[in-house]
Structure formats: structure tokens, C-alpha cells
Number of protein chains: 2
Amino acid sequence: MDRLPTIEDVARAARVSRQTVSNVLNTPAIVKPETRKRVEVAIRKLAYRPHASARRLRMRKSSTIAIRLDPMTNGISGALLDRFLHALTEQADARGIRILLFTAADPAAEIEQIRKLRAGADVDAFVLTATFHGDPRTEWLVENDVPFVTFGRPWGANDMNNPKHLWVDVDGFAGMREAAIHLIDQGSSRVGFVGWPSLSGTGDDRRRGWQAAVEERLSTSDTDLAALNLSVEDRLEDARDAVVALLESDEKIDGLVCASDTLALGAMIAAASVGRSDLPIIGFDNSPVGQAIGLSSVDQTLDEVAGGALELLLGQTGGDLVHRDAAAGDTRHRLITPHLVIRQPLRLLASDAASTPTATKSAVGNHKNGKETQ
Amino acid sequence: MDRLPTIEDVARAARVSRQTVSNVLNTPAIVKPETRKRVEVAIRKLAYRPHASARRLRMRKSSTIAIRLDPMTNGISGALLDRFLHALTEQADARGIRILLFTAADPAAEIEQIRKLRAGADVDAFVLTATFHGDPRTEWLVENDVPFVTFGRPWGANDMNNPKHLWVDVDGFAGMREAAIHLIDQGSSRVGFVGWPSLSGTGDDRRRGWQAAVEERLSTSDTDLAALNLSVEDRLEDARDAVVALLESDEKIDGLVCASDTLALGAMIAAASVGRSDLPIIGFDNSPVGQAIGLSSVDQTLDEVAGGALELLLGQTGGDLVHRDAAAGDTRHRLITPHLVIRQPLRLLASDAASTPTATKSAVGNHKNGKETQ
DNA sequence: ACTCAAGATTTGAACGATCAAACTTTTGAA
DNA sequence: TTCAAAAGTTTGATCGTTCAAATCTTGAGT
């Protein structure tokens, strides 16, 4: 046979009609077991699979979800979207849903792409990432009744309550708080925070988590709290410089939590370079680099995020879009609690030994055994 | 209007027939300019786009290429596939081709997924990554006449000459050679190599590049060549330990090229920890982490790789599959020459100063200005 | 004016599936 | 045994597009 087998071929082989084959595939319960078996055999024999486009045309749904692939220049945590994508693809597959990629240079271009994909009936719904304050995309999507879910909560107050805006997000507050409390439980009594300038809602959320932990467990004064609170762009160098300055101005700091692994890595380098390799540091994102270097970090449990996103769009199971208006209040969003991953840090250098090659040798070699203490 | 506009709606609005609208879209040249304009106006006014599934059903092609998204545990260079995907999506879009994702735990599962996607006429062709010696996937694909292209050359000798196996790859030999020659030109006279155990074709290819450069430009003896040639797993710690040992046993080493950024980062840490922060090191992959830390690296120019892959599948332009048998000999694969990206390394620490906080302060602060010399 | 080809447009059929309704067979109670 | 209801199966129509062939229009040559 030259072409792929069609439902008609299967029907002929099983001596039944098209529709019966269709029923075996879609509503097996209504087919007599005997007949069903015969059809199933024919299907297997011909290695038949329904033609996806034909089915989509008839069903008026594409069973496809699109997501934009960022240019992804955000450094160390880059693989984040990567891991999310993987989880999303895997779970979508289980529901018979396909994931389609697209790119766009900016929000306006993204809206245009969405418009195109949508108008071509190519895609049923969209997953948006990296939402920001006053995001024009979500506004447009709601306006045009396009089904979507965002990874990242809406930071505008009015959007937050928009019942048409489904979202999943990671509870940065809880994650950062857990990280800080872990350090405090391990004996730290003066824990600093390295975060981003107060513009991104995400950054503020994580900052508040640290602050909550410190206020709850330690008696840090308000002025001290301000001094322990760093804000830098998400760059290794910026973080390093800021942390070096902090550590030099405040010798008593005995713990740091950071809003990203990039910042945490900068902090590790800073600590090492001022002879404080022992300073416990916790990052956020659980990036591959962090893993490689033994950085403790808050993991975003992207499996749960992906699962949550699909559930909001499609309900508990299956691949049919759920009507948003039908969703009850608390099923319109999901806040995932991340979890802390503790690692034995890889020593960047043997800071407490003399800096001659021979002296550092053994110290470096022992990294796997020695448990760091504060 | 409740449903999306169809070609019929446009036809009515422009007072022409279905087919004329179709012609305006697909073969505008045969439509009288006057009529064409009228139709174009109607299309714009209704924001019409052809229904993708209907078109695919009729045309018997899906205009979709699928690619597997790895679990991606390969650490630091993880974002590699990410960047490739981005380039691929962008260039495919320009050709009217969509990129579909799928996942699979192992080669057998991947074959099964491919079979399914293929039988459902969901996908026209596949892009495979991370090919390896004796890869069962390519064998199966050739066997079953499934159009595909691999990112990564076939390492088996017989596959190499299989005209049905299209591939694109990065010339690791040329890249590593260029890196080593750069170091030599900058004054290095004893350049080592950190690579992977001799199993992966990719690793050997890169190793040979280093070897060629050294043999060509330096008078390194064969025994020395062997001593300068490290083989470790692609892990930070392994690389670090091996390089520490190397640097301690051989004080004259004044340059290192590495088969990956992961290894290079390990080497940087090793160098810093034995007081040799000045040691020039070049990695491979130009990963985001490498960028963040100022690591010089060989960039894979994934734009070109993606472009090459699409060209092999689809020809110079357009979205139609090119018949493999029609391709001339040298258009069946493409070897992309990577290019070296030189960066000013971020100092991991002030190794040549005393290790007290106050002493290191200024040295660290100056990282942006000082040009490292060898 | 007449013919014929080239140019421009329209009509009917097909792509492969599902839905809705019609038809046939089985089942169970009177 | 009879008949209605339930269960099982088939037929015709449809989704929105493009292909192939048919029809209509225009224009040049005689």
C-alpha cells in the first residue's frame, strides 16, 4: 500500500463500516465485544492510526497547545524554560495533546503570532511564560477570548481577580522563607538576601519570604534588615561585587539566600574571594549549573507547574478544553510550593589554607567528604 | 460571527468563488490584478487565515517537523538544545513550517513515538539530536523511509555513506584547532587538552583538533602529547580534580583547551585553586554560564546548524520536502565551522594576593579593567 | 464578423475523519 | 408469539481546503 491506511481500509478488513471502526476508537463501550475484537485486530494488522488533520478538521479542535520559546538570554537559569517544556510536553502527550513552538522578539510580535496560529485553527490554547506587570499579552488574550494559562501570576491588581485569567505560579515567598529558615535552623543568626531591584513581582515575592523568616525567627532590627537586603541585576558580576562589599562591611553575616542561582553563584564567588568559602548560601531555581557546583537551591518543581497548567486548561484528565466560566473560584489558579534541595557545596578554592599550590592540593581533593559547618 | 471565517466567507465578501480566493493565496500570478486586490481586501477585512488542518488534509502534508526534547541532564551545556530549538523554530516559521515537540525516555521509545506521529500524518519529517555510534533510530528511519535529518554526523562508517542519511554537524576538529592555535598565537607554548573518554565520536573529533594544532605549531614530543591529554567524564568535579593534578605535575603548562564548557569551568576552578588564575582556558559550546563567567569558548553557530538542517530537508526555500534521492552527493550533509568567542575572564578569586578579606578586596574589584597576560 | 487559443473564473470531487439520523438486530416482558 | 425498547450497526452529510476539469471571457489573427 502506498498511502497510509485509512479508517475505510480498516473497515473493509474487519468487514464493518467506517463508523464502527470510529466507535471502537472513540467509544468502545457501545460496540459489541466480538465486533470490537475483530476491528482491533484489523487496526493492529494495518498499523492504523487516525489521520490527525482529518480528525481535527471534523472535531473543530486542534488538540495542540502553543508556547513561545524565548530567546533565552537570561544566563544561568536558562534551562528553566527547558525543563518546564519537557514536563509540559510529557504530560500533554499523556492527554493526547501536542506542544507547538513559536518565537517572537517582543510582546507585540508574540500577540501577532498568537493571532496567526489562532486564526489558522492551528492551536487550541496558549501557555505564556514570564508574565510581567501590565502585560499586554494577557489583556489581548482575554479581550479576544483566546484560551490561555500563564506560568507566572498576574501582577496587576485588577488582572489578579480576572476570572478569565488562569495562572500557575511558584510560591516564591514560601520557597525563600523555607530556605532562610533552613539556614537559621542550621545555626545562622544573621541571614542576608540578594535579590533584584524592586520592579519584578517575582523578586519582591521572594524578598518578602526571606523577610518573613528573619522577622519570625531572628531579632534583626529594621535598620539591619535594610542593610542585609541587597538589590542587583541578575548578573554574576553584579552579585559578586555587591556581596563582597556586604561581607566586608558586616563580618557577622553567616548566611545568604538569593533570588536566583545566578546571584547565588556570584555570592559564592564573592564569599570565596574574601575567605569565607564556608558561608552557607542558598539559591533559587535549582539550575544545572547550581547542581554541578553543589549549590543548595529552591527547586521549582516544574512537573507540578506543568501539570497544573494543563489541569487548568483541560480539567483533571483528557484533552478537551474546559470552559473557563465553568471553573470555580479556586480552580482558576494554582500556587505551587517549591522545595528546598540541599547540597554539599563544591569548594571553589581552599580559602583557609595558604595559597600555594601544594598546600591547596589536599584541601581541594577532599571536597566530597568534609561536611561544612558554620 | 461565531466560527472562524472560511474561504467561502471571503469568497462571498469579494464576490468571487472559493477557488479564486485559494488562487490569490497560493498562485496569485494567475489571478487578474483587479480581482486579486478585491480578494485581498476581503481577506484583510475578515482577518481570514486558511484552516491549517483542512489544508493539511487536502495537501497530504502536515508542514510540521518534530523534534525530541531531551530530559536534558547534561549540566552546564544544557541550553545548547534550547538555543538550537530557538533557531530551528524561527527559521522553520519563515518557511511556514511548525515545530512539534515530543519526549521519549530512550531510543526505543523514541522510535515508537516517531512511528505514532508518522502514522497519524502529524509530522512530515524529524530532526534527531545526539546521534551516537550504532544509533538504532537512524537505521529504523532509513528502513521505514521516514524523512529526517540528524544534528550530529553518523559515526558508523557505513552510515556515513548512506545517501538516505542527511546530517548537519559542527566541525569540532576545526573549532578546537582554532582555539588551540589562538592560544599559541597569544604566546602559549605548552597547551593541554581536557576531553572525554574515547567513546564519543564528538570528543575524539575535538581532541584531534587540539592535537593537529599542537603538532602543527609546537614541537611537543609524543610522550608530552600523551601527558597533556586528559580524559574525564563531563563533570565539573572530575575536570577540576584532573586539572589540579595536571597542573601540579607539570608547571610549564600555559594554556588549556577543553571539549566542553563544563570541563573548562572545572579547569578554571582548578587553576584558581592552585594559584594559576592567569592560565588561559578555552571551552566549547559557548554556554550561558560560560558567558556569565567570561569564559572564552567555541560557539556552535546554531543558527547555521538549524538553517542547514532545514535546507537539507526542504531545499533552499519553501516548505516542501525535497526528495532525498534527488539530492546531489555534497548536498546530503553539512559541516558547520564554529567560531571562537574570546572573553575577558571573570576572576574567580584574587589568587596571587594574600587570602585575607581586606587584601583581596581591591583585586576583585578590578576585574573589569585588568587585561590578563600570559 | 468568425475562430481559436490563452486567460480568468467557477464547479464538482476528494482528502479522512466524526456526527446525526436511519436502519437492523437483539432482548425482555406481556 | 408479539411487539416495543434497547443495543448494535450503517448511511449520508459535513468540516475547509485544494485539485482537476469545465465553463466563461477576452483578444488577436484572418
Side-chain angles (χ1 to χ4, degrees), chain A residues 1-40 42-43 46-64 96 118-124 319-320, chain B residues 1-40 42-43 46-63 96 118-122 124 319-320:
Chain A
M1 175 125 43
D2 191 20
R3 52 175 181 57
L4 292 170
T6 73
I7 201 171
E8 202 84 44
D9 297 320
V10 177
R12 229 184 333 268
R15 306 162 139 276
V16 293
S17 69
R18 291 192 312 267
Q19 186 60 40
T20 300
V21 179
S22 176
N23 287 338
V24 169
L25 255 37
N26 302 310
T27 47
I30 70 164
V31 178
K32 200 194 327 190
E34 196 177 70
T35 316
R36 181 167 60 209
K37 196 165 283 181
R38 209 164 69 242
V39 172
E40 279 163 350
I43 288 178
L46 297 180
Y48 166 79
R49 294 210 99 212
H51 192 290
S53 293
R55 174 177 250 169
R56 291 204 272 259
L57 171 59
R58 191 60 181 83
M59 309 254 279
R60 309 174 130 279
K61 71 171 190 195
S62 66
S63 300
T64 301
R118 177 78 180 150
D122 241 329
V123 165
D124 288 336
D320 290 318
Chain B
M1 176 127 42
D2 193 21
R3 52 174 182 58
L4 291 170
T6 75
I7 201 170
E8 202 84 45
D9 298 320
V10 177
R12 226 183 336 265
R15 308 163 137 275
V16 294
S17 69
R18 291 195 309 269
Q19 187 60 39
T20 299
V21 178
S22 176
N23 287 337
V24 169
L25 255 37
N26 301 311
T27 46
I30 70 163
V31 178
K32 203 206 298 200
E34 198 177 68
T35 317
R36 181 166 60 212
K37 195 165 286 182
R38 207 165 71 241
V39 172
E40 279 164 350
I43 289 179
L46 298 180
Y48 166 79
R49 294 211 99 212
H51 191 289
S53 293
R55 174 177 250 167
R56 290 204 274 259
L57 171 59
R58 191 58 179 83
M59 308 255 279
R60 309 174 127 280
K61 70 171 189 195
S62 66
S63 299
R118 178 77 182 150
D122 239 330
D124 288 335
D320 291 318

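Below, read A as the first sequence line, B as the second, and so on, with proteins coming before strands; counting in each chain starts at 1.
Computed from coordinates, the A:L46 CG to C:dA17 P distance equals 12 Å when rounded to whole Å. Straight-line distance from the CD1 atom of B:I7 to the P atom of D:dC15: 14 Å, rounded to whole Å. Atom CD1 in A:I30 sits roughly 13 Å away from atom C1' in C:dA21 (whole-Å rounding). Atom NZ of B:K32 is separated from atom P of D:dT26 by 6 Å (rounded to the nearest Å). Atom NZ of A:K61 and atom P of C:dC19 are 9 Å apart (whole Å). Counting to the nearest Å, the C1' atom of C:dC15 and the CG atom of A:D9 are 13 Å from each other. One atom, CZ of A:R38, and another, P of D:dG8, lie 14 Å apart when rounded to the nearest Å. Distance A:H51 NE2 to D:dG16 P: 17 Å, rounded to the nearest Å.
Relative to the side chain of A:R58, the nucleotides D:dT9, D:dC19, D:dC15 differ in distance, and D:dC15 lies closest. Taking only side-chain atoms of A:T6, from C-beta outward, the nucleotide of D:dT17, C:dA17, C:dT18 with the closest atom is C:dA17. Nearest to the side-chain atoms of A:R3 among the listed nucleotides C:dG16, D:dC19, D:dT9 stands C:dG16. For B:N23, the side-chain atoms get nearest to C:dT10 when compared with the rest of C:dA17, C:dA8, C:dT10. Closest approach to the B:T20 side chain among C:dT9, D:dT11, C:dC15 is made by C:dT9 (side chain taken as heavy atoms from C-beta onward).
For A:R55 and A:N26, the side-chain atoms include at least one donor-acceptor pair closer than 3.5 Å. Side chains of B:D122 and B:S62: no donor on one and acceptor on the other come within 3.5 Å.
Nearest-nucleotide mapping onto DNA chain C: of B:S17 and B:L57, the residue sitting toward the 5' end is B:S17. A residue-by-residue look at B:A54 and B:Q19 shows that B:A54 has its nearest nucleotide of DNA chain D further toward the 5' end. Across the interface with DNA chain D, nearest-nucleotide mapping of B:L25 and A:P33 shows A:P33 to be the residue nearer the 5′ end. Between B:M59 and B:R36, the residue anchored closer to the 5' end of DNA chain C is B:R36, taking for each the nucleotide with the nearest heavy atom.
In this structure, B:S53 reaches neither bases nor backbone, as no heavy-atom distance under 4.0 Å exists between it and the strands shown.
The shortest distance between the side-chain N/O atoms of B:R60 and the OP1/OP2 oxygens of C:dG16 is below 4.0 Å. The side chain of A:T35 contributes no N or O atom lying less than 4.0 Å from OP1 or OP2 of D:dG8.
Here the side chain of A:R36 pairs a donor or acceptor atom with the backbone of A:P28 at under 3.5 angstrom. Checking side-chain atoms of A:S22 against main-chain N and O of A:T20 turns up no donor-acceptor pair under 3.5 Å.
Between the base of C:dG12 and the side chain of B:R18 there is a donor-acceptor pair shorter than 3.5 Å. A donor-acceptor contact under 3.5 Å is not formed by the side chain of A:R55 with the base of C:dT18.
In this structure the side chain of A:R3 reaches within 4.5 angstrom of the side chain of B:R60, judged on heavy atoms.
Across every non-hydrogen atom of A:D9 and A:L4, the tightest pair is OD2-O, 4.2 Å.
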